[in-house]
Structure formats: C-alpha cells, structure tokens
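Predicted, not measured: the structure shown is a model, and the values here were computed from it.
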Amino acid sequence: MDQGKTDFIRETIKKDLKEGRYEKIHTRFPPEPNGYLHIGHAKAICLNFELADEFKGICNLRFDDTNPTKEEPEYVEAIKRDIAWLGFDWGLNEYYASDYFPKLYDFAVKLIKGGKAYVCDLDPAQIREYRGTLTSPGKESPYRERTVEENLRLFEDMRSGKFPDGSRVLRAKIDMASPNLNMRDPVMYRIMHQRHHRTKDKWCIYPTYDWAHGQSDSIEGISHSICTLEFEDHRPLYEWFLDQLKIHHPRQLEFARLNLTHTVMSKRMLKILVDEKYVNGWDDPRMPTLSGMRRRGYPPDAIRNFCSAIGLAKSESTIEIEYLEHFVREDLNRKAPRVMGVLNPLKVIIDNYPEEKDEELEAINNPEDLSAGTRKIPFSRVIYIEKEDFMEDPPKKFYRLAPGREVRLRYAYFIRCIGVKKDGNGNISELHCTYDPSTKGGDAPDGRKVRATLHWVSAKHSVGAELRLYDKLFTTEDLSKNDFKKSFNQKSLKINDLCRLEPSTREAEPGQIYQFERVGYFHVDPDTTTKGLVFNKTAGLKDQWAKIKRKNK
RNA sequence: UGGGGAGUAGUCUAGUGGCAGGACAUGCGGCUCUGGACCGUAGGGCGGAGGUUCGAAUCCUCCCUCCCCAGCCA
C-alpha cells in the first residue's frame with residue numbers, strides 16, 4: 001500500500017504516469033541464479049513488488065541466467081523459496097533471460113545488418129589493451145570495419161560452434177573514444193562451450209549482461225527497470241541498444257544497495273564462507289542470506305518492515321545491524337509465546353517445600369496478546385534458576401537473588417535465600433531457600449514488594465535441549481576495508497547443551513519460535529528430532545543489567 | 001589528472017526559498033510479576049568558503065571528501 005512514501009523512484013514513476021510516458025507500471029526482480037538471496041536482495045524484492053502493488057502493476061521474476069559457468073538449478077529453487085517466504089507472489093510471471101536467447105540472437109543480427117555490431121578476433125588481453133584507460137581513449141579494433149556479410153557469416157559460425165572459447169566475440173560498434181568505458185565497443189556475445197542449466201547444449205555463445213538485460217526488460221514490457229548504483233554508468237549503453245533496435249524503452253533507475261555493519265553482502269564472499277566451511281551452508285543462521293535468517297528465526301514481516309524503514313536513496317549508506325534486530329524484536333515481541341528456560345542452571349532447594357509435593361501454576365502465554373491464553377507449569381522442591389541471577393556479594397545495582405534477599409519466581413512464589421553451598425573449588429553448587437506459601441501465583445497478600453522476578457524451571461520436570469547461540473559474523477564493523485576472512489568471528493557460534501526448559505517445550509516443532517522469558521527469542525531448528533530439541537537463538541532481549549555491568553567496567 | 005554518482009546528529013532518512021522533522025542508538029525519568037514491552041524526556045545535524053535573497057539544507061560559483069567504471073561477471 002502507498003504509505004505516502006516520497007522517495008525519488010516513486011516520484012519518477014508518478015511523473016512518468018502523469019506525463020503518459022508509460023500507461024502501466026511493470027517492474028521486475030532479476031536475480032542471477034548463482035547463489036542464495038541475501039537481505040540486500042530483500043530490499044530490491046520489496047521495492048519492485050511493492051511498487052507493482054502500489055501502482056496496480058505487475059512485477060516479474062526474471063532469472064538473469066546468461067552465464068552457464070556460474071549458475072545452477074539449485075539456486076533457482078532457493079531463490080523462489082525465499083521470495084515466496086518473504087510473502088511475494090509473482091504468479092505466472094516467471095521468466096528466464098535464457099528463454100530470450102533466440103530473440104536476442106535475432107536482435108544481434110539486426111544490429112549487424114545495420115552496421116552497429118561486428119565480430120572481433122582480438123583475444124581478451126588485446127581487448128583490454130585496445131580499450132584504453134580511464135584517462136586515455138581506446139583504439140579501434142582492426143576487425144571493426146568488416147563487411148556486414150562477413151560479420152553475419154562469422155557470427156553464424158560462432159553460434160554453430162566453429163570457434164573455440166575466447167577466440168571471437170560480437171561487439172557493439174559505438175565509440176572507442178567515449179569517456180564512458182562501457183561505450184567503447186562493449187562485448188555482446190562470448191563463446192562458451194558450456195552446458196546451460198536450461199537451454200542445455202543448444203547454445204555455445206552467450207549474451208553478456210549489458211546485451212541481455214535491457215532487451216529482456218524490453219521484451220517483457222518493463223516500464224521501470226530498477227537496479228543498483230554501479231549500473232548508472234551502464235545506462236547510456238542500456239539506452240543505446242534500445243534506441244538502435246527501436247523497441248520498447250524502459251526507464252532504468254538506480255538506487256543505493258543495502259550495506260549492513262558486521263556482515264558481507266556479496267554473493268561471491270558468501271559463497272567463499274560456505275565453500276571454505278566458515279559456516280555450515282548458505283542457510284547457516286549467522287548468514288545474511290534470507291534462508292539463514294529464516295533458519296535463525298527472523299520473521300519475514302520483520303525483514304519487510306526493516307526494508308521499508310531504511311528508505312530509498314542514491315547515497316551510499318551502511319545500516320547498523322542493530323536496526324535490523326530492532327525490527328526482529330518488535331515483531332517477535334508481539335507474536336512469540338513465552339516460555340521459561342534456564343540457560344546456565346543453578347540448583348535451588350526450597351527447604352520448606354514438601355519433598356514429594358508437585359503443583360501446577362498458571363502462566364500467561366503472551367502478555368502482549370492475551371488471546372494466546374495460559375498454560376500450566378509444574379513446580380516442585382528443587383528448581384533451577386539462572387547462575388547469573390544470584391550473587392553472593394551483590395554490587396549496588398544488582399537486585400536479583402543474594403543471601404538473605406527475597407525475590408519472586410515468575411508465576412510462582414517469593415523465595416528467600418538462606419544458604420549457599422559450594423564445591424571443592426569454591427564454586428557455588430546449590431542454593432537453599434525458603435518460600436512463602438501465601439505468595440502463590442506471584443503476589444504477596446501483605447502487599448510487600450520484591451525488586452526482581454526470576455525465571456526458573458522445576459528440576460525434575462524440565463527438559464534438555466541444544467541451544468545454538470549466535471553472535472555477529474564478523475568482528476569488524478566495516479568489511480569493505482578489511483580482509484573479511486581475518487575478521488571472521490570465531491565465536492559467532494556457541495553451543496549450549498546444559499540448559500533446562502519448561503516441559504511444554506517438549507512439543508516444539510521446527511519453525512516454532514518462543515521467547516524464553518528474560519533471555520531472548522529462540523527458534524526451533526529443523527535439526528530437531530524426536531531424540532532432542534535444537535533451538536537457534538534468534539535475538540536476545542534488551543538487557544539493562546548488561547548495560548550497567550558494562551558501564552561499571 | 002576521463003566519465004558517472006553522493007555528502008542533513010553515532011546510523012539511516014524527511015525536506016524541493018519561510019521554525020531542520022522522524023526512526024534506531026545514547027542519557028535521564030516513569031511504569032511493570034520479563035532489568036522485556038510500554039510511556040515521557042534530553043542531548044546531538046545541513047562537508048567548506050563565498051554569493052543571490054527580506055529570508056538558503058534548498059538557487060549560483062569555487063573548493064573538499066567519499067563511492068563506482070579499464071570482465072569475454074552481473
């Protein structure tokens with residue numbers, strides 16, 4: 001829906017509509033199936049699909065599959081899964097640049113016939129040399145003035161496989177002295193005897209991006225072809241092809257790609273992390289890929305809200321990863337059912353609670369959504385609390401449990417610490433407490449207050465699980481100036497298998513997400529089996545105490 | 001030193017000649033059976049220098065800084 005956004009792209013579209021340059025808005029999201037989609041792609045996906053929605057147009061999904069050496073069907077499937085997961089539906093509008101290969105070939109013949117393209121026999125090194133430099137013009141290829149007939153014949157021979165890879169290319173005949181390097185007779189076709197994942201062995205020449213992209217846009221009747229800033233230089237070429245061919249002319253618009261702190265956003269680098277086993281696959285929950293975020297537990301709505309909040313501009317920017325996390329928490333706070341789980345258990349024996357007694361206490365499933373109802377949690381004489389919720393010698397602002405101090409066990413009772421037991425090494429091994437039966441449910445009839453409320457689990461009823469705790473992928477904020485492998489955060493994954501969870505989590509199924517009260521959000525990983533629960537920590541809760549501790553250091 | 005872009009708080013972003021607004025982050029306070037959530041509040045900004053104008057983030061001039069381009073990648 002139009003939320004009154006006023007970015008430059010929407011302004012341009014409104015103007016184009018008003019002036020009649022286009023009657024219908026038609027956008028496209030054009031991924032190359034050479035890797036998995038990441039959060040940067042999400043920005044483009046949201047933009048293109050939402051634009052189509054706002055202006056009652058259409059958004060195509062088009063695979064830009066023009067380089068068979070890098071592309072695989074696995075990626076096509078992953079890309080479709082991720083876009084659908086984000087909540088966008090391309091319906092029947094699924095296209096492939098490779099479907100246009102015959103048309104593109106005909107277009108090329110048309111350019112050759114018009115004297116606007118030629119077959120060049122220079123090898124790659126020579127082409128580079130002839131291109132000139134940023135400050136000096138290039139030289140014209142000695143093959144530039146071949147006759148139309150010869151070009152036609154050679155181009156046909158290229159297609160029919162008469163030449164080896166790299167021996168010849170088809171080039172546009174534009175201007176070797178152009179200050180824009182893209183206009184210095186760019187390559188349109190290269191010879192690659194390579195099997196394509198869709199066209200199989202039908203072709204041994206493949207179009208380059210510059211040649212394929214604009215013409216594909218045109219064939220699909222795209223009105224606004226939105227891409228990232230680095231293609232700004234290509235726009236004159238994009239337009240040149242369309243003008244020479246005299247075909248439907250979309251408007252290319254460029255916006256700044258998304259950058260995030262503490263992560264990388266290039267498929268090339270992400271692929272290295274996967275291939276060299278820095279992470280466990282494209283969907284590793286530490287990855288900025290959509291599949292990684294899904295596995296981490298990030299809700300698609302959070303990602304969409306984030307994309308909408310970061311805005312759209314032409315200035316290069318880097319968003320703090322914390323901003324993304326904010327939208328994850330915001331969404332999960334409203335939706336995630338609460339549960340209690342102790343990550344680092346400390347045994348507490350409630351001395352005055354009857355040895356064999358068990359009881360069930362009622363707990364609210366989600367204080368932000370009372371319609372989520374309540375559940376029962378078992379209580380008994382021996383419970384676990386979080387190790388860090390007790391201090392023998394508490395500093396000023398620590399108001400959790402301490403010797404002699406009274407705190408509340410959430411939804412249960414007030415307890416007071418009356419004894420601390422230590423092991424041979426002086427580590428606290430268990431606590432002895434008393435409880436006040438009159439505080440059942442968590443309120444004192446005499447109105448007395450406690451400073452802290454702790455989460456807990458009944459020892460004998462609790463269940464174990466494997467928790468996978470994540471931290472930033474990289475220790476450095478800005479990876480553009482650093483060797484990303486050196487900055488890899490070796491502590492980005494920690495496994496906790498000591499935790500004890502309340503028994504209701506036993507029924508957890510992959511894909512479910514909980515808030516472990518006072519700790520964070522946890523998403524049930526697909527690795528969960530009947531033998532054991534596996535959770536990914538999606539995000540921590542904001543932690544005031546951690547902040548105080550940090551400041552005091 | 002060619003060409004193409006961009007500079008508004010710590011980070012994003014709004015602004016289109018008329019009081020520089022919002023979000024996140026930060027500080028402080030309130031509330032609370034999650035030190036969560038929520039509510040309130042504070043600090044902090046137009047890259048620089050000139051000019052035009054009653055009035056400039058906005059228009060003009062010059063300067064500075066940053067990003068992209070010399071793949072038969074996209």
So Phe155(A) and Tyr189(A), ring pair (Phe, Tyr, Trp, His ring centres under 6.0 Å) or not? Walk me through it.
CA-CA 9 Å; Phe155(A) 186 45; Tyr189(A) 276 98; 5.3 Å; yes

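Evaluation of atom-type donor-acceptor distances gives a pair under 3.5 Å for the side chain of Arg400(A) against the base of rG35(B). In terms of polar N and O atoms assigned as donor or acceptor, the side chain of Glu320(A) comes within less than 3.5 Å of the base of rG10(B) in a complementary pairing. Scanning atom types as modelled, no donor and acceptor separated by under 3.5 angstrom connect the side chain of Glu322(A) and the base of rU11(B). A donor-acceptor contact under 3.5 Å is not formed by the side chain of Asp543(A) with the base of rG35(B).
Applying the 6.0 Å contact sphere to NZ of Lys397(A) captures no more than 12 heavy atoms from other residues, nucleotides or ligands. Counting heavy atoms of neighbouring residues, nucleotides and ligands inside a 6.0 Å radius, atom CZ of Arg146(A) exceeds 12 of them. More than 12 heavy atoms of other residues, nucleotides or ligands lie within 6.0 Å of NZ in Lys314(A), so this atom counts as buried by the packing criterion. Under a cut-off of 6.0 angstrom, the local environment of CZ in Arg448(A) is crowded, with over 12 non-hydrogen atoms contributed by other residues, nucleotides or ligands.
Of the candidates rU34(B), rA25(B), rC68(B), rU34(B) carries the atom nearest the Gln515(A) side chain, counting heavy atoms from C-beta on. You'll find that the side chain of Lys542(A) is closest to rA37(B), out of rA37(B), rU34(B), rA74(B).
Taking atom C1' in both rG36(B) and rG43(B), one finds a spacing of 26 Å when rounded to whole Å. Nucleotides rC60(B) and rU53(B) have their P atoms positioned 16 Å apart, rounded to a whole Å. Nucleotides rA20(B) and rA57(B) have their C1' atoms positioned 8 Å apart, rounded to a whole Å. rU34(B) and rC67(B) have their C1' atoms separated by 45 Å, with the value rounded to a whole Å. Comparing the P positions of rG7(B) and rA14(B) gives an interatomic distance of 9 Å, to the nearest angstrom. Rounded to whole Å, the P atom of rG47(B) lies 9 Å from the corresponding atom of rU58(B). Atom name P, nucleotides rC64(B) and rG17(B): the rounded distance is 29 Å, in whole Å. Across the P atoms, rC69(B) and rG45(B) are found 35 Å apart, a figure rounded to whole Å.
Glu129(A) has its CD atom 17 Å from the P atom of rA70(B), to the nearest Å. Atom-to-atom, CG of Leu324(A) to C1' of rU11(B) comes out at 13 Å; the value is rounded to the nearest Å. For the pair Arg451(A) CZ and rC31(B) P, the computed distance is 11 Å after rounding to whole Å. Counting to the nearest Å, the P atom of rG35(B) and the NZ atom of Lys397(A) are 16 Å from each other. Atom-to-atom, CD of Gln252(A) to C1' of rA74(B) comes out at 12 Å; the value is rounded to the nearest Å. Nucleotide rG3(B) holds its P atom 14 Å from the CG atom of Asp175(A), rounded to whole Å. Atom CG of Asp478(A) and atom P of rU11(B) are 12 Å apart (whole Å). Atom CH2 of Trp456(A) and atom P of rU34(B) are 15 Å apart (whole Å).
Residue whose closest nucleotide on RNA chain B sits further toward the 5' end, between His213(A) and Tyr521(A): Tyr521(A).
Residue Tyr189(A) is out of contact with every strand shown, counting any heavy-atom pair closer than 4.0 Å. Using a 4.0 Å heavy-atom cutoff across all strands shown, Asp123(A) reaches at least one base atom of the nucleic acid. Within the nucleic acid shown, Arg408(A) comes within 4.0 Å of at least one base atom, counting heavy atoms only. No contact: Pro31(A) has no heavy atom under 4.0 Å from any strand. Within the nucleic acid shown, Thr261(A) has no heavy atom closer than 4.0 Å to any nucleic acid atom. Note on His455(A): nothing from the nucleic acid sits closer than 4.0 angstrom, heavy atoms only.
RNA chain B contains the following stems of three or more consecutive Watson-Crick or G-U pairs, with both distances under 3.5 Å: B:2-7 with B:64-69, B:10-13 with B:21-24, B:26-30 with B:38-42, B:47-51 with B:59-63.
Cation-pi contact between Arg159(A) and Tyr105(A): present, with separation from the ring centre below 6.0 Å and deviation from the ring axis of at most 45°.
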